[in-house]
Undergrad: 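Just passing along the structure, written as structure tokens.
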Amino acid sequence: MNLKSEISLIVSRAIESAVGDGLLADPCETVERKVEYPREQKFGDYAVPFALESAKILRKSPMEIGGVLAKYMEADRKIASVDVVKPGFINIFISREFLFENLIRVIRERESYGRASREWPRKINLEFVSANPTGPLNIVSARAAAVGDTIANMLEFAGDIVDREFYVNDYGNQVLLLGKSVLARIRELRGEKCEFPEEGYHGEYVREIAAHIAEHEAGEMSRIGGEETLVEFVAKKAVEYNVAGQKKDLEGFNVSFKTWFSEKTLHEKGAVTGMLDRMKSSNSVYTSEGKVFFRSTDFNDDKDRVLMRDDGRPTYFLADIAYHQDKIDRGYDLIVDIWGPDHHGHITRLAGAMKAIGFDEKNLKILIAQQVNLMMEGETVKMSKRLGQFSTMRDLLEEIGTDVARYFFVMRSLESHLDFDLTLAKKESSENPVFYLQYAHARICSLFREAEKRGVAYDQERAFREHLDNEESLVLMKHLARFPEEVADAANTFEPHRITTFLMKVAQAFHKFYTEHRIITEDHERTVAYLALSDATRVVMSNGLRLLGVSAPEQM
RNA sequence: GCGCCAGUAGCUCAGUGGAUAGAGCAACGGCCUUCUAAGCCGUGGGUCGCAGGUUCGAUCCCUGCCUGGCGCGCCA
């Protein structure tokens, strides 16, 4: 259990005891046992607003309530002291003994420090990126990839089982149009006359796909008779080519999916039409003008949505419902989708449909990764390949590398529109926040190289606590103790940017400690104590960076 | 017109129903004969978009408005 949860438990027990001793009326469950971080360090390490929030119900002043609870709470050895101040805050100071014990624990647990286990882990399906297989991945996909993978990492670290999934929309008009476009380019390559399809894919990459298919599939193509079959064949090959490219780009970005789920297979095995039948029995479906509608207006949508067109072709929406049913059938407790900003309008209707077929909507979580603006020298960069400016994820990675890209995508909250400052991202200097974190890690590694060179015997069991009784060490130890709860909070709220914010604080606390205290000295006991603190910091930095998918270099 | 996201320091953004609203970058001024100065310390800078409301208390919750972005297909 992490420290914050333990504090919460201590508060609950204090309330229970006070009620038992007749000093407090029973608040039951009316007021949450919240634990917060005080605005300022001098107020303490944790603050509990319970007294303020329960004053009305308990018919006592917040100060009185706080006074009663403080006595009970101080008995816990994790707590050094409890202050009840002004309006009625209960401010808690963590004991140095606990901080020191935790320090040793960090070093012992290393890679697993901060990892939580659950008695009943949730089986979670996290679907993200899911870009159309009609071309290379763009910048928004890159953001979704970074954020999605980090969320998956956090959830796993917090004790859940997470499967990463990519939904491949390899069915329907878009794919057909891609096939036609590629086929046209192939014919062009061969010097044949042909018309380029209206509204086809004009991107330069289509020529690359055409060249690739023309080279590798010429034999197969020549055996195919009939334009339609040929288009289908080319489309299939083009999709394979694009998916392979997307997979490769994502792997270069440290993101790998357990499942690449083909939409086409849903149609082929009849799951889509099967879902239509199921929907029809739900009471929320009606037929009009030969089309089948879902009455999504019953679920807060602004209009009803078509499931089946009058020509008998299912809509994407129907397939999407079937797809989510498939996830349910695969036994997931929680289904999480990360969508692009252009899909936010679909949330209501999908949630409605899921509800209509009897799925508990709290087990479906849809996150929207907001748009990304590339900025350069303070100007918005138009993402246009024709202008010689890059627009793909691959271009971006070639420009700034995986570490910087992942960090920048994750450092802002998901629902914020992200201004991606390329000028800053490209700087390999202190101005770039990624390096600030990595530098802290590298600096510690360097310390240990130096210690080894000087023959210092580092044995954490001989790290004496009295040497860590200074401001900088204490602040640092407190941050280290917070790591498990920061991960848990970030995972529970699906907010990976909390990790970057937290790691900044750890790095800051370490740099400060490093500047104020010389670590390797003639005083062996102190040296070992300082090395232990540095070692523990290294563990937290490394574990945190691992969650972000950012490397923790040993030297810079 | 409707919907979603956002409006906090010069810029990019954190943040919380409560205690003097923070960080990074930018600006300015200090700190390396000793473990990595990709660092540390300090200074300046804010009517938390506007107006109401709920509350003992609102930057945070509610309503209205303004501004910016995106979306509003029987495409996927």
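So you know, we letter chains A, B, ... as the sequences are listed, proteins then strands, and number each from 1.
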Undergrad: Parallel under 30°, tilted from 30 to 60°, perpendicular over 60°: which one fits the rings of A:Phe502 and A:His479?
TA: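 Aromatic pair A:Phe502/A:His479 classed tilted.
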
Undergrad: Under a 3.5 Å cut-off on both pairing distances, which runs of 3 or more consecutive Watson-Crick or G-U pairs involve RNA chain B?
TA: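 Correct response: B:1-7 with B:66-72, B:10-13 with B:22-25, B:27-31 with B:39-43, B:49-53 with B:61-65.
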
Undergrad: Which of residues 172-181 of chain A have a heavy atom under 4.0 Å from RNA chain B?
TA: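 By residue number: A:Asn173, A:Gln174.
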
Undergrad: Choosing from B:C70, B:A19, B:A76, which nucleotide comes nearest the side chain of A:His343?
TA: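 It is B:A76.
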
Undergrad: Answer yes or no: does a side-chain N or O of A:Lys512 lie under 4.0 Å from OP1 or OP2 of B:C41?
TA: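 Yes, because at least one side-chain N or O of A:Lys512 sits under 4.0 Å from OP1 or OP2 of B:C41.
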
Undergrad: So is A:Arg143 actually on top of A:Phe420's ring, under 6.0 Å and inside 45° of the axis?
TA: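 Relative to the ring axis of A:Phe420, which defines the angle, A:Arg143 lies outside at least one limit.
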
Undergrad: In whole Å, I'd like the distance from the CD atom of A:Glu486 to the C1' atom of B:G15.
TA: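 Result: 12 Å.
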
Undergrad: Determine, answering yes or no, if A:Tyr171 is stacked on B:A76 under the 5.5 Å centre rule and the 30° plane rule.
TA: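 No, aromatic ring not over the base.
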
Undergrad: When you check the phosphate oxygens OP1 and OP2 of B:G15, does a side-chain N or O of A:His497 lie under 4.0 Å from one of them?
TA: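 True: A:His497 side-chain N/O within range (under 4.0 Å) of B:G15 OP1/OP2.
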
Undergrad: Tell me: CD of A:Glu472 to P of B:G39, nearest whole Å?
TA: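 In whole Å, B:G39 P and A:Glu472 CD are 18 Å from each other.
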
Undergrad: Determine, for A:Tyr46 and A:Arg482, whether the Lys NZ or Arg CZ falls below 6.0 Å from the six-membered ring centre while staying within 45 degrees of the axis.
TA: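 Yes, a cation-pi geometry holds between A:Arg482 and A:Tyr46.
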
Undergrad: Please state how far atom OH in A:Tyr167 lies from atom P in B:A76, giving the value in whole angstrom units.
TA: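 Nearest whole value for this atom pair: 10 Å.
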
Undergrad: Need one value for A:Ala47: base, sugar-phosphate or nothing, where a base atom within 4.0 Å counts as base even if backbone is also close, heavy atoms only.
TA: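 It contacts base atoms.
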
Undergrad: Measure up the A:Phe257 and A:Phe128 rings against each other and bin them: parallel (under 30°), tilted (30 to 60°), perpendicular (over 60°).
TA: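 Plane angle between 30° and 60°, so tilted.
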
Undergrad: Distance between the C1' atoms of B:A23 and B:G46, in whole angstroms?
TA: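 Each nucleotide's C1' atom is 14 Å from the other's.
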
Undergrad: Mind calculating the distance between CG (A:Asn300) and C1' (B:C4) to the nearest angstrom?
TA: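 Roughly 14 Å, once rounded to whole Å.
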
Undergrad: Quick one: list whatever passes salt bridge (charged side-chain N to carboxylate O under 4.0 Å, His left out) with A:Glu472, sequence neighbours left out.
TA: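 Residues passing salt bridge (charged side-chain N to carboxylate O under 4.0 Å, His left out) with A:Glu472: none at all.
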
Undergrad: Is it true that atom CD of A:Glu36 has more than 12 heavy atoms of other residues, nucleotides or ligands lying nearer than 6.0 Å?
TA: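 For A:Glu36, atom CD is crowded (more than 12 foreign heavy atoms under 6.0 Å).
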
Undergrad: Please determine if a side-chain N or O atom of A:Arg526 lies less than 4.0 Å away from the OP1 or OP2 oxygen of B:C35.
TA: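 No, A:Arg526 has no side-chain N/O under 4.0 Å of OP1/OP2 on B:C35.
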
Undergrad: Closer than 3.5 angstrom, by distance alone: can the side chain of A:Arg406 be matched with the main-chain N or O of A:Leu548 as a donor-acceptor pair?
TA: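 Flag set: sc A:Arg406 to bb A:Leu548 pair under 3.5 Å.
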
Undergrad: Report the residue (A:Arg443 or A:Arg309) whose heavy-atom-nearest nucleotide on RNA chain B is the more 5′ of the two.
TA: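 Going by which nucleotide is closer to the 5' end, it is A:Arg443.
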
Undergrad: Return the set of residues passing side chain to side chain donor-acceptor pair (under 3.5 Å) with A:Lys264 (not counting sequence neighbours), or none when no residue passes.
TA: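 Side chain to side chain donor-acceptor pair (under 3.5 Å) check on A:Lys264 returns nothing, list empty.
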
Undergrad: Scan A:Pro38 against the nucleic acid and name what it touches under 4.0 Å (heavy atoms): base, sugar-phosphate only, or nothing.
TA: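 Base, at least one base heavy atom under 4.0 Å.
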
Undergrad: Any side-chain N or O of A:Gln508 below 4.0 angstrom from OP1/OP2 of B:G24?
TA: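 Looking at the OP1 and OP2 atoms of B:G24, one of them is under 4.0 Å from a side-chain N or O of A:Gln508.
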
Undergrad: Does B:C32 sit syn or anti, given that only angles within 90° of 0 count as syn?
TA: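 B:C32: syn.
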
Undergrad: Determine the interatomic distance between C1' on B:U20 and the same-named atom on B:U59; round to the nearest Å.
TA: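 B:U20 and B:U59 have their C1' atoms separated by 15 Å.
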
Undergrad: A:Val231 and A:Leu176: which non-hydrogen atoms are nearest, and at how many Å?
TA: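 Nearest pair, atom of A:Val231 first, then A:Leu176: CG1-O, 3.9 Å.
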
Undergrad: Whole angstrom is fine here: how far is it from CG in A:Asn373 over to P in B:G7?
TA: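 The distance from CG of A:Asn373 to P of B:G7 comes to 15 Å, rounded to the nearest Å.
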
Undergrad: Regarding A:Ala442, tell me which of base, sugar-phosphate or nothing describes its non-hydrogen contacts under 4.0 Å with the strands shown.
TA: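 Contact class for A:Ala442: base.
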
Undergrad: Taking the C1' atom in each of B:C61 and B:G45, what is the distance between them to the nearest angstrom?
TA: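 Approximately 30 Å lies between the C1' atom of B:C61 and that of B:G45.
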
Undergrad: Does the side chain of A:Asn300 pick up a donor-acceptor pair with the side chain of A:Thr348 at under 3.5 Å?
TA: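 No, A:Thr348 and A:Asn300 have no side-chain donor paired with an acceptor closer than 3.5 Å.
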
Undergrad: Considering only side-chain heavy atoms of A:His344, which listed nucleotide, B:G3, B:A76, B:C35, is closest?
TA: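 Taking heavy atoms from C-beta onward, the closest nucleotide is B:G3.
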
Undergrad: So, under a plain 3.5 Å distance rule, would you say the side chain of A:His346 forms a donor-acceptor pair with the base of B:A76?
TA: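 Indeed, a donor on one side and an acceptor on the other fall under 3.5 Å apart.
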
Undergrad: Under 4.0 Å, counting only non-hydrogen atoms across every strand here, what does A:Tyr37 touch: a base, just sugar-phosphate, or nothing?
TA: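 Since no nucleic acid heavy atom lies under 4.0 Å of A:Tyr37, the category is nothing.
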
Undergrad: How is A:Arg454 classified with respect to the nucleic acid when contacts are heavy atoms under 4.0 Å: base, sugar-phosphate, or nothing?
TA: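 Counting heavy atoms under 4.0 Å across all strands, the contact made by A:Arg454 is with sugar-phosphate only.
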
Undergrad: Working to the nearest 0.5 angstrom, can you tell me the gap between A:Phe50 CZ and A:Lys34 NZ?
TA: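 With rounding to 0.5 Å, CZ (A:Phe50) is 11.5 Å from NZ (A:Lys34).
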
Undergrad: Would you compute the distance between atom OG of A:Ser288 and atom CG of A:Asp304 and round it to the nearest 0.5 angstrom?
TA: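 Answer rounded to 0.5 Å: 9.5 Å.
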
Undergrad: Are there any protein N/O atoms within less than 3.5 Å of an N/O atom in nucleotides 53-60 of chain B, and if so, which ones and at what distance?
TA:
none

Undergrad: With a 6.0 Å cut-off on ring centres, are A:Phe43 and A:Phe89 close enough?
TA: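 For A:Phe43 and A:Phe89, the ring centres are not under 6.0 Å apart.
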
Undergrad: Ring-plane angle category for A:Trp339 and A:His346, please: parallel below 30°, perpendicular beyond 60°, tilted otherwise.
TA: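 Rings of A:Trp339 and A:His346: perpendicular, as their planes differ by over 60°.
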
Undergrad: Enumerate all atom pairs, one protein N or O and one N or O from nucleotides 11-13 of chain B, separated by less than 3.5 Å.
TA:
{"from": "B:U12", "atom 1": "O2'", "to": "A:Arg412", "atom 2": "NH2", "distance (Å)": "3.3"}
{"from": "B:U12", "atom 1": "O2", "to": "A:Arg412", "atom 2": "NH2", "distance (Å)": "3.3"}
{"from": "B:C13", "atom 1": "OP1", "to": "A:His417", "atom 2": "O", "distance (Å)": "3.0"}
{"from": "B:C13", "atom 1": "OP1", "to": "A:Asp419", "atom 2": "N", "distance (Å)": "3.0"}
{"from": "B:C13", "atom 1": "O2'", "to": "A:Arg412", "atom 2": "NH1", "distance (Å)": "2.6"}

Undergrad: Roughly how many Å apart are B:C41 and B:U54, using the C1' atom of each and rounding to a whole number?
TA: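 The same atom, C1', in both gives a distance of 45 Å.
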
Undergrad: State whether A:Asp326 and A:Lys269 are salt-bridged, where the test is any N-O pair (Lys NZ or Arg NE/NH1/NH2 against Asp/Glu carboxylate O) under 4.0 Å.
TA: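 Looking at A:Lys269 together with A:Asp326, the answer is yes, because their closest N to O distance falls below 4.0 Å.
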
Undergrad: So if I take every side-chain heavy atom of A:Glu415 and compare against B:G24, B:A6, B:C75, which nucleotide ends up nearest?
TA: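 The answer is B:A6, which lies nearest to the side chain.
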
Undergrad: On a whole-Å scale, what distance lies between the P atoms belonging to B:A58 and B:G53?
TA: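 Between the two P atoms, the distance is 11 Å.
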
Undergrad: For A:Arg59, look at atom CZ and say whether over 12 heavy atoms of other residues, nucleotides or ligands are found less than 6.0 Å away.
TA: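 No.
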
Undergrad: For the side chain of A:Met556, counting heavy atoms from C-beta on, which of B:A76, B:A38, B:G39 is nearest?
TA: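 Nearest to the side-chain atoms of A:Met556, counting from C-beta on, is B:A38.
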
Undergrad: Find the distance A:Arg143:CZ to B:G69:P and express it as a whole number of Å.
TA: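 So the two atoms are 18 Å apart, to the nearest Å.
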
Undergrad: Under a 3.5 Å threshold, yes or no: a donor from one side chain and an acceptor from the other, between A:Tyr323 and A:Glu165?
TA: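 Side chains of A:Tyr323 and A:Glu165: pair found under 3.5 Å.
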
Undergrad: Determine the Euclidean distance between corresponding C1' atoms of B:C60 and B:G49; express it in Å to zero decimal places.
TA: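 The answer is 15 Å between these two C1' atoms.
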
Undergrad: With hydrogens left out and only the distance checked, is there a donor-acceptor pair under 3.5 Å joining A:Asn91's side chain and the base of B:A19?
TA: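 Per atom types, the contact qualifies.
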
Undergrad: Is the phosphate of B:C40, meaning OP1 or OP2, less than 4.0 Å from a side-chain N or O of A:Tyr436?
TA: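 Answer yes for this pair, as a side-chain N or O of A:Tyr436 is under 4.0 Å from OP1 or OP2.
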
Undergrad: Relative to each other, are the rings of A:Phe510 and A:Phe513 parallel, tilted or perpendicular (30° and 60° limits)?
TA: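 Tilted, since the angle between the ring planes falls between 30° and 60°.
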
Undergrad: If I pick the P atom on B:A76 and the same atom on B:C72, what distance separates them, to the nearest angstrom?
TA: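 Rounded to whole Å, the distance is 14 Å.
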
Undergrad: When we call it a touch if two heavy atoms are under 4.0 Å apart, what does A:Gln555 touch: a base, just sugar-phosphate, or nothing?
TA: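 The answer is base, as A:Gln555 lies within the cut-off (heavy atoms under 4.0 Å) of a base atom.
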
Undergrad: Can you tell me how far C1' in B:A9 sits from the matching atom in B:C5, rounded to whole Å?
TA: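 My reading of the C1' atoms in B:A9 and B:C5 gives 23 Å.
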
Undergrad: Answer with base, sugar-phosphate or nothing: what part of the nucleic acid does A:Glu554 contact at a heavy-atom distance below 4.0 Å?
TA: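 Here A:Glu554 touches the bases of the nucleic acid.
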
